[in-house]
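Only one structure is covered here, and it is reproduced in the block below.
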Amino acid sequence: MAGIKITINDDGTLNVPDIPIIPFIEGDGTGPDIWKAAKPVFDKAVSKAYKGKREIKWLEIPAGEKAFNKTGKWLPDETIKSIRDHIVAIKGPMFTPVGKGIRSINVSLRQKLDLYSCIRPVKYIDPVPSPMKNPEKVDMVIFRENTEDLYAGIEWEEGSEGSAMIREFLANNMGIFLPQDAGIGIKSISKKNSKRLVASAISYAVSNKASSVTLMHKGNIMKYTEGSFVKWGYEVAKEKFGEKTITEQELFDRYNGERPEGKIIIKDRIADMLFQQVLLRPEEFDIIAAPNLNGDYISDALAAQVGGLGMAPGANIGDFCAVFEATHGTAPKYAGKDMVNPSSLLLSGAMMFDYIKWEEASELIRSGLQAAIKDGIVTYDLARQMKDAKEVKCSRFAAAIIEKIG
């Protein structure tokens, strides 16, 4: 039976048919390995949950090295159009060179599709090895602004005409003198993009009955970018969620530090302080909203507490599209060896099923994955940390999850 595209209803909700078409990008490096392992798990979970009444029609779309080799383009326009047309997509890791060459394909996808919220749940899965004494206390969701900050890529190389023009302008007009051998970048953080990111984080907190949203920033130093991010975050909390939120100051001034039932506490933490607090007191944080660069750092640091990036799912979501993705790199030295842990992509797929309201399938993926790990059937990255574990290939780990689902 032919698949049907997902559409958006007038009220902004998704209209998901029983046989939706979902585009996928295998990814570069180990991407094909983990996709080959993950796809049968997704299909098995859907088949088991809905007894054949629902099915995914997968549509491969090109990006990365495979696309470049065929078309000469790293991110073809047709790929962007296909994601827009189908609303929901999933992808593996994408190659990006360091210090030269193409801009990040991941960043380009986010900017061209206006996927302004990078959402990274971080939750411990027993018995994954962890450097923490009490990893079970780690249960947070990071909302990272996706479209601006330093990741907008507005920069000029040392010695370039552009960097000379910027230095000259700053010197002549503002009395600011930069070294002649400096590369220069521009950091911009806007009111609109900050407010919609924080609003999406608070909306998620309301839907999931979270107790707090923490605004992460370095506003004590970058007062008019990250400092403004915090100011605008508090503003949108009051403007859009005034009946459901209180500030941390109000919590102590009006409620003696006891959170009223149904209220979400809006608080802020300086970035370097927050890195310490998520290690020492992780149970105090539910949702963290952050500008682009801070969000990148904190989400990877938190992933390390629950087993590493191989266990970390992620999604990039805007008003009209959503792209779910493995959050780790391409690991090219392992490409084609059927070795790497596919859990990041598997858990991102579970997020995708939650997003389209197929929660029965997502629960089977998560429970099957946990059951396989509890049996000690794991890929090399976990096996080297677990006593008496059985190290298996990527494909065999996926097969074990399918057996648990079945």
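FYI, the numbering just counts along the sequence from 1. Below, each value reflects all heavy atoms present in this structure, side chains not excepted, and no hydrogens, waters or symmetry copies.
- Scored by the side-chain hydrogen bond (donor to acceptor under 3.5 Å, both in side chains) test, Ser348 finds no partners at all (sequence neighbours excluded).
- With salt bridges taken as basic N to acidic carboxylate O contacts below 4.0 Å, one links Asp296 and Arg144.
- Residues Ser362 and Asp354 have side chains that bring a donor and an acceptor to within less than 3.5 angstrom of each other.
- Looking at Thr245, its side chain does come within 3.5 Å of a backbone N or O of Phe241 through a donor-acceptor pair.
- Ser207 contributes no side-chain N or O that, together with a main-chain N or O of Tyr204, makes up a donor-acceptor pair within less than 3.5 Å.
- Taking CE from Met94 and CD from Glu26, the interatomic distance works out to 10.5 Å, rounded to the nearest 0.5 Å.
- Environment of NZ in Lys240: sparse, with no more than 12 heavy atoms of neighbouring residues, nucleotides or ligands closer than 6.0 Å.
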Pairs of donor and acceptor atoms involving the side chains of residues 386-394, under 3.5 Å and at least two apart or interchain, shall be tabulated with distances.
residue: Lys393; atom: NZ; partner: Lys337; partner atom: O; Å: 3.4

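- No more than 12 heavy atoms of other residues, nucleotides or ligands sit less than 6.0 Å from atom CG of Asn256.
- The pair Arg110-Glu325 counts as a salt bridge, with a side-chain nitrogen and a carboxylate oxygen less than 4.0 angstrom apart.
- In this structure, Ser344 contributes its side chain and Thr327 its backbone to a donor-acceptor pair below 3.5 Å.
- Proximity of a side-chain donor or acceptor of Asp33 to a complementary backbone N or O of Gly336 within less than 3.5 Å is detected.
- Using modelled atom types and a 3.5 Å distance limit, the side chains of Asn146 and Tyr151 yield no donor-acceptor pair.
- With hydrogens and angles ignored, the 3.5 Å screen pairs no side-chain donor or acceptor of Ser47 with any backbone N or O of Asp43.
- The side-chain heavy atoms of Pro40 and Lys44, taken from C-beta on, include no pair separated by under 4.5 Å.
- Residues Asp114 and Arg196 form a side-chain contact, since some pair of their non-hydrogen atoms from C-beta on lies under 4.5 Å apart.
- The distance from the NZ atom of Lys404 to the CG atom of Leu369 is 12.0 Å, given to the nearest 0.5 Å.
- A ring-centre distance under 6.0 Å is not found for Phe42 and Phe24.
- Partners of Glu261 by salt bridge (Lys or Arg N to Asp or Glu O under 4.0 Å), not counting sequence neighbours: none found.
- Relative to the six-membered ring of Phe285, Lys267 meets both conditions, a distance below 6.0 Å and an angle of at most 45° to the axis.
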task = Give the C-alpha distance, both sets of side-chain angles, the deciding distance and a yes or no for salt bridge (charged side-chain N to carboxylate O under 4.0 Å, His left out) between Glu60 and Lys66.
result = CA-CA 11 Å; Glu60 183 171 11; Lys66 182 184 285 190; 2.9 Å; yes

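- Residues passing the side-chain contact (heavy atoms from CB on, under 4.5 Å) test with Lys187, sequence neighbours excluded: Asp149, Leu150, Ile189, Met222, Thr225, Glu226.
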message = Run Arg269 and Glu248 through salt bridge (charged side-chain N to carboxylate O under 4.0 Å, His left out) and show every step you take.
response = CA-CA 11 Å; Arg269 294 290 184 272; Glu248 193 171 37; 2.9 Å; yes

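- Heavy-atom neighbours of Glu157 CD from other residues, nucleotides or ligands within 6.0 Å: at or below the threshold of 12.
- A salt bridge is defined here as a Lys NZ or Arg NE, NH1 or NH2 lying under 4.0 Å from an Asp or Glu carboxylate O, and Asp85 with Lys81 meets this definition.
- The distance from atom CG of Asp319 to atom OH of Tyr116, rounded to the nearest 0.5 Å, is 3.5 Å.
- Here Asp338 does not pair with Arg396 in a salt bridge; the nearest charged N to carboxylate O distance is not below 4.0 Å.
- Comment: Arg366 does not engage Glu359 in a salt bridge, judged by the lack of any side-chain N to carboxylate O separation of less than 4.0 angstrom.
- Judged by distance alone, with hydrogens and angles left aside, the side-chain atoms of Asp286 form a donor-acceptor pair with the main-chain N or O of Ser211 at under 3.5 Å.
- Ring planes of Trp74 and Phe68: parallel class, angle under 30° (limits at 30 and 60°).
- A salt bridge between Lys195 and Glu239 is present, with a side-chain N of the basic residue lying under 4.0 Å from a carboxylate O of the acidic one.
- Taking CD1 of Ile288 as the reference point, atom CG of Asp268 lies at 12.5 Å (rounded to 0.5 Å).
- Of the N and O atoms on the side chains of Asn193 and Ser190, at least one donor lies less than 3.5 Å from an acceptor on the other residue.
- Residues meeting the ring-ring contact (aromatic ring centres under 6.0 Å, His included) test with Tyr124, sequence neighbours left out: none.
- Crowding of Asp11 atom CG: a count of heavy atoms from other residues, nucleotides or ligands under 6.0 Å exceeding 12.
- For the pair Glu136/Asp126, no side-chain contact is recorded, criterion being any heavy-atom separation below 4.5 Å from C-beta on.
- Residue Phe320 places its CZ atom among 12 or fewer non-hydrogen atoms of other residues, nucleotides or ligands, all under 6.0 Å distant.
- Checking side-chain atoms of Thr79 against main-chain N and O of Ala63 turns up no donor-acceptor pair under 3.5 Å.
- Dense packing is recorded around CE of Met132, with more than 12 heavy atoms of other residues, nucleotides or ligands lying under 6.0 Å away.
- No more than 12 heavy atoms of other residues, nucleotides or ligands shown are found within 6.0 angstrom of OH on Tyr224.
- No more than 12 heavy-atom neighbours from other residues, nucleotides or ligands sit within 6.0 angstrom of OH on Tyr297.
- Under a 4.0 Å N-O distance rule, the pair Lys192/Glu148 does not qualify as a salt bridge.
- Partners of Arg167 by salt bridge (Lys or Arg N to Asp or Glu O under 4.0 Å), not counting sequence neighbours: none found.
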